[in-house]
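Shown next, in structure tokens, is the structure this report addresses.
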Amino acid sequence: MSKDEAPRNLQQLGIDVDSSQIMVLKGLMAAAGGPSKFVTYKEIAAHLEKLEKKKYTKAYIYRRLSDLENEGFIVVDTIRHPRQFSISEAGIVKALEEKRKKMLSETQTKRQEVTTKQKLLTTTNPENVAMVLYNQLAGLDSIKGSVVIEGIESVRNTVVREFGEAAKPGDEIRVIVPASVLDAGLKKSGMAEMSLMARAMDGVKIIGLVMPIEGKQSRTTELILNYIENVGEAFVNLASTGNIILRIAKESSQTYRMVSLNSDKMLLYLTHAVESDMAALIQRKDNPGLIDDAVKTFDTIFDEAIDIMDIVKQVLSGNQ
């Protein structure tokens with residue numbers, strides 16, 4: 001390994017060779033003269049002053065020593081008085097290995113998030129993005145009262161703003177959608193629901209329920225397979241967060257087609273079209289009974305439904 005490679009490799013592990021923590025470690029090494037040799041704070045401070053041409057406070061040095069101990073880079077003998085510090089080669093190797101594992105895990109997580117976002121972007125409807133951007137630039141606030149929403153774009157925009165953007169980590173969003181929205185792999189219809197699913201990465205719990213096409217179970221399965229070919233891997237990544245659960249009802253039934261945020265508010269679709277052009281936004285203060293009944297009905301159907309991720313994983317494994 002060249003002289004230039006060492007700092008670069010340490011930087012990749014998240015270690016800044018010019019940091020105050022590493023400076024104190026250098027002072028300890030200079031004072032000890034080798035591994036497994038214990039030295040006191042005064043010895044470390046004296047050598048650190050020689051190395052850096054400046055003095056550091058006792059509290060400052062002790063904080064850095066405490067950090068080094070917590071990360072496993074040094075050994076502290078607290079029985080002796082004053083306490084003494086030492087470097088262990090095995091300890092440094094172990095500490096660096098822990099750093100490597102942590103950085104690898106963080107990198108894999110970021111890669112997974114990027115892959116998921118890429119999959120979602122391939123199905124993004126520019127019209128939806130434009131609406132969200134317009135609302136943000138215009139400073140439009142969340143709707144405070146209950147109101148009827150008209151127009152396909154307005155309904156989609158309401159789902160994104162009132163539920164996706166309004167949800168916070170730990171909140172629950174329930175979504176009921178007909179299997180027909182999976183047509184063409186969610187390239188257009190269902191994008192509002194897709195934007196909700198993406199919030200799983202932020203810690204929002206998404207509970208999705210797909211209603212099968214009545215009397216056409218095979219067609220429902222076909223639509224799911226088409227969906228998997230387009231964005232299946234993205235949903236597997238989203239599901240890995242543990243914040244998303246998506247199931248298919250065992251049979252079609254006439255029930256609420258809605259989106260709800262906890263039990264605070266719900267969007268009730270008023271048409272059966274794939275892309276509904278009319279819906280009612282209902283706030284809890286205006287009709288708590290309706291929201292409670294919708295959530296209760298959803299949970300009853302959901303408890304008996306089939307986990308769609310089982311189908312997704314089976315198909316993906318079969319394609320490998």
Side-chain angles (χ1 to χ4, degrees), residues 116-117 119-169 171-211 227 230-231 234-235 238 243-244 246 256-287 290-291 294-295 298:
T116 299
K117 289 178 181 178
K119 289 287 185 179
L120 293 174
L121 284 172
T122 60
T123 61
T124 296
N125 181 357
E127 295 174 357
N128 284 349
V129 177
M131 284 190 300
V132 173
L133 178 60
Y134 173 80
N135 285 333
Q136 290 178 340
L137 293 176
L140 297 181
D141 294 327
S142 177
I143 300 173
K144 302 302 180 183
S146 298
V147 64
V148 172
I149 311 295
E150 296 186 68
I152 293 175
E153 303 300 337
S154 294
V155 171
R156 285 188 201 157
N157 191 37
T158 299
V159 171
V160 175
R161 185 184 67 240
E162 297 295 326
F163 299 89
E165 294 180 358
K168 301 178 179 61
D171 283 347
E172 291 184 346
I173 293 179
R174 290 174 173 80
V175 186
I176 291 183
V177 293
S180 51
V181 303
L182 297 175
D183 199 8
L186 281 176
K187 287 183 179 178
K188 187 175 182 181
S189 60
M191 268 312 302
E193 290 82 359
M194 281 281 288
S195 68
L196 298 183
M197 301 295 179
R199 290 305 311 279
M201 285 292 186
D202 304 321
V204 177
K205 187 173 183 180
I206 308 297
I207 310 172
L209 180 61
V210 177
M211 302 303 294
Y227 146 72
N230 284 277
V231 293
F235 262 110
L238 290 173
N243 292 323
I244 181 171
L246 188 60
Y256 301 95
R257 179 184 171 190
M258 58 90 167
V259 179
S260 69
L261 176 58
N262 303 317
S263 294
D264 301 329
K265 58 183 172 180
M266 66 179 286
L267 186 74
L268 180 63
Y269 293 89
L270 301 179
T271 67
H272 296 293
V274 173
E275 295 195 84
S276 179
D277 61 354
M278 184 173 290
L281 178 64
I282 303 169
Q283 305 286 350
R284 182 169 188 83
K285 63 183 179 64
D286 298 320
N287 201 331
L290 179 60
I291 293 179
V295 170
F298 178 101

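In this chain, numbering begins with 1 at the start of the sequence shown.
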Closest contact, heavy atoms only, Ile173 versus Ala167:
CD1-CB, 3.8 Å
Any idea which heavy atoms bring Val155 and Met278 closest together, and the distance?
CG2-N, 3.9 Å
Say you draw a straight line from CG of Leu267 to CG of Leu281; how long is it, rounded to the nearest 0.5 Å?
6.0 Å
To the nearest 0.5 Å, what is the distance between CG on Asn287 and NZ on Lys265?
15.5 Å
Search all heavy atoms of Ala279 against all heavy atoms of Tyr269 and return the closest pair with its distance.
CB-CA, 3.9 Å
Rounded to the nearest 0.5 Å, how far does CD of Glu150 lie from CG of Leu270?
9.5 Å
Test your reading of the model: is there a side-chain donor-acceptor pair from Asp286 to the backbone of Ser146, 3.5 Å cut-off?
yes
Pair Arg199 + Asp202: basic N to acidic O under 4.0 Å:
yes
Kindly determine whether Ile207 and Glu172 satisfy side-chain contact (heavy atoms from CB on, under 4.5 Å), including the steps that lead there.
CA-CA 7 Å; Ile207 310 172; Glu172 291 184 346; 4.2 Å; yes
Nearest heavy-atom approach of Gln283 to Ile291 is C-CD1, 3.8 Å
Below 4.5 Å, heavy atoms only, C-beta onward: do Glu165 and Val160 meet side chain to side chain?
yes
Flag side-chain contact, heavy atom, 4.5 Å: Val177 against Met211
no
Taking every non-hydrogen atom, the tightest pair across Val295 and Ser263:
CG2-OG, 4.2 Å
Here the gap from Ile176 atom CD1 to Leu268 atom CG, rounded to the nearest 0.5 Å, amounts to 10.0 Å
Mind checking whether Val175 and Leu209 have side chains closer than 4.5 Å, heavy atoms only?
no
Any chance you could measure Ser260, atom OG, to Glu162, atom CD, to the nearest 0.5 Å?
13.5 Å
Which atom names give the shortest non-hydrogen contact between Phe163 and Met266, and what distance separates them?
CZ-C, 3.7 Å
pair Asn243-Ile206: side-chain heavy atoms closer than 4.5 Å
no
Nearest-0.5 Å distance, NZ of residue Lys168 to CG of residue Asn262
9.5 Å
